[in-house]
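Report on one structure; see the data block that follows.
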There are 2 protein chains.
Amino acid sequence: MSLKHAVLGMLAIQPMSGYTLKKAIDESVGHFWTADQSQVYRTLAGLVDDGLASRRTVVQDERPNLHLHSITDEGLAELDRWLASPLRTPPAREPFLARLFFADRMAPEAIRDLFRNRRREVGEALAALEAVTVPEHAEDTGTLLRLATLDYGIAQARTELAWLDATEQRIGKKRIHEKHTDEHRPEAP
Amino acid sequence: MSLKHAVLGMLAIQPMSGYTLKKAIDESVGHFWTADQSQVYRTLAGLVDDGLASRRTVVQDERPNLHLHSITDEGLAELDRWLASPLRTPPAREPFLARLFFADRMAPEAIRDLFRNRRREVGEALAALEAVTVPEHAEDTGTLLRLATLDYGIAQARTELAWLDATEQRIGKKRIHEKHTDEHRPEAP
DNA sequence: CAGCATTATTGGACTATGCATATATAGGTG
DNA sequence: CACCTATATATGCATAGTCCAATAATGCTG
């Protein structure tokens, strides 16, 4: 459960309800960590059970009541323990690369589509990251670090776009060459 | 279960035993997809159950017997179905960024360690990717695509190393500045 | 007023995966 | 001989996470 620690981190910034938390996650850490809505509530419940967060019901007139969660001292301690713990990197899971790896079974147009869709997706992600308005003068370390995670996403997205172009061009060239040398053979299905 | 499809893809290249498959995965798709040994065997069992692969026991004198798995026609059909299916990208999980995002609670030396360790890890991964010997003249599309997945890893690793340097420098500068302006204040614990 | 969107929470089923452990054979090394 | 490594397969347990659906109140819009 690493979402647990991400949630602790968020609650350390300010108390939240499950609903608010879900939105906050989507908007801040969303580009490198996501959480299913049901998972968010489950995690909060777990934190309360473990005494790492406290819950307070806030009665609202205009909307359904909400449970406001605050981090406890124990929670802060656990957060710091996590921050000090060795960071183990789980191996990357890249379904796109997995697909590409076996894509020679696909028709040429399908491969083109694969690239096109990926380019669109990464482009959109990049645009979203670049659209985030950043404070003029970042002062505290926290803000600097959070901006850095944005930069990370932007840099990686740009790298991938460049790689997409280079790769597709290389594959494309290959196919033209193939067409030349294989003109006498029947069209592959 | 996407390992299922990765395994199908591997079996489409050549029949394998669980043991061989595990090693093949580590050596080929390992940099963007990994599989626990137990998971490999479970997945193979599942494929056989579903008729997507067939198993044949090979008796060996010098070593324990092995179960050689081959992909069936149904398996090839499923593989192609998967290749044609829409690719849904699960959101990235980047524990390192998650850590960094909340790292302002950490001591400066701990942040330095975080960067140092990450730099080492990424550097090692990059070295491993660059060490892969590639065929002189890649001819078929399959080889080109597989080399492309290597290039992807290399490009992303290099980008990350550059980002690590830039980011740490920025944080470092900030800290020097802080030291200047905060000289009169007591050392933070 | 019917239907939809937003706010807010919860439960059940399922899956993928990891970790630990067990078993068996054979070869090499101290 | 004890121990380690490589080959080879398998099971049990735990858990993080997703998907789907239900519930409930309110406000907006056609």
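In the text below, chain A, chain B and the rest are named by the order of the sequence lines, each starting its count at 1.
A side-chain donor-acceptor contact under 3.5 Å links B:His67 and B:Thr57. B:Arg93 and A:Ser2 are not linked by any side-chain donor-acceptor pair at a separation below 3.5 angstrom, with hydrogens and angles left out of the test.
In this entry the distance linking CG of B:Leu44 with P of D:dT9 reads 9 Å, nearest Å. Between the CD1 atom of A:Ile25 and the C1' atom of D:dA16 there is a distance of 14 Å, given to the nearest Å. Taking atom CG of residue A:Asp49 and atom P of nucleotide D:dT15, one finds them 14 Å apart after rounding to whole Å. In this structure, B:His67 places its NE2 atom 6 Å from P of D:dT9, rounding to the nearest Å. Atom CG of B:Asp26 and atom C1' of C:dG18 are 14 Å apart (whole Å). A:His5 has its NE2 atom 14 Å from the P atom of D:dT15, to the nearest Å.
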- How would nucleotides 20-27 of chain C be written as a contact map, 5' to 3', with B for base contact, S for sugar-phosphate-only contact and - for no contact, using protein heavy atoms under 4.0 Å? B---BBSS
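Dashed line: the shortest gap from a side-chain N or O of B:Arg55 to OP1 or OP2 of D:dA10 is under 4.0 Å. At the phosphate of C:dT17, OP1 or OP2 sits under 4.0 Å from a side-chain N or O atom of A:Arg93. Between B:Tyr41 and the phosphate of D:dT9, there is a side-chain N or O to OP1/OP2 separation shorter than 4.0 Å. The phosphate of D:dT18 (OP1 or OP2) has no side-chain N or O of A:Gln39 nearer than 4.0 angstrom.
Through direct or indirect side-chain contacts shorter than 4.5 Å among Ile, Leu, Val, Met, Phe, Trp and Tyr, B:Tyr41 is connected to B:Tyr19.
A heavy-atom distance below 4.0 Å to DNA chain C is reached by these residues of residues 11-24 of chain A, ordered by number: A:Ser17, A:Gly18, A:Tyr19, A:Lys23.
By the salt bridge (Lys or Arg N to Asp or Glu O under 4.0 Å) test, A:Glu74 pairs with no residue at all, sequence neighbours left out. Every residue two or more places apart in sequence or in another chain was checked for a salt bridge (Lys or Arg N to Asp or Glu O under 4.0 Å) with A:Arg56, and none qualifies. Residues satisfying the salt bridge (Lys or Arg N to Asp or Glu O under 4.0 Å) test with B:Asp36, not counting sequence neighbours, are none. Residues passing the salt bridge (Lys or Arg N to Asp or Glu O under 4.0 Å) test with A:Arg158, sequence neighbours excluded: A:Glu130.
Under the ring pair (Phe, Tyr, Trp, His ring centres under 6.0 Å) criterion, the residue pairs touching residues 135-162 of chain B are A:Trp163-B:Tyr152, with sequence neighbours excluded. Note on residues 71-120 of chain A: pairs passing ring pair (Phe, Tyr, Trp, His ring centres under 6.0 Å), not counting sequence neighbours, are A:His5-A:Trp82, A:Phe101-B:Phe32.
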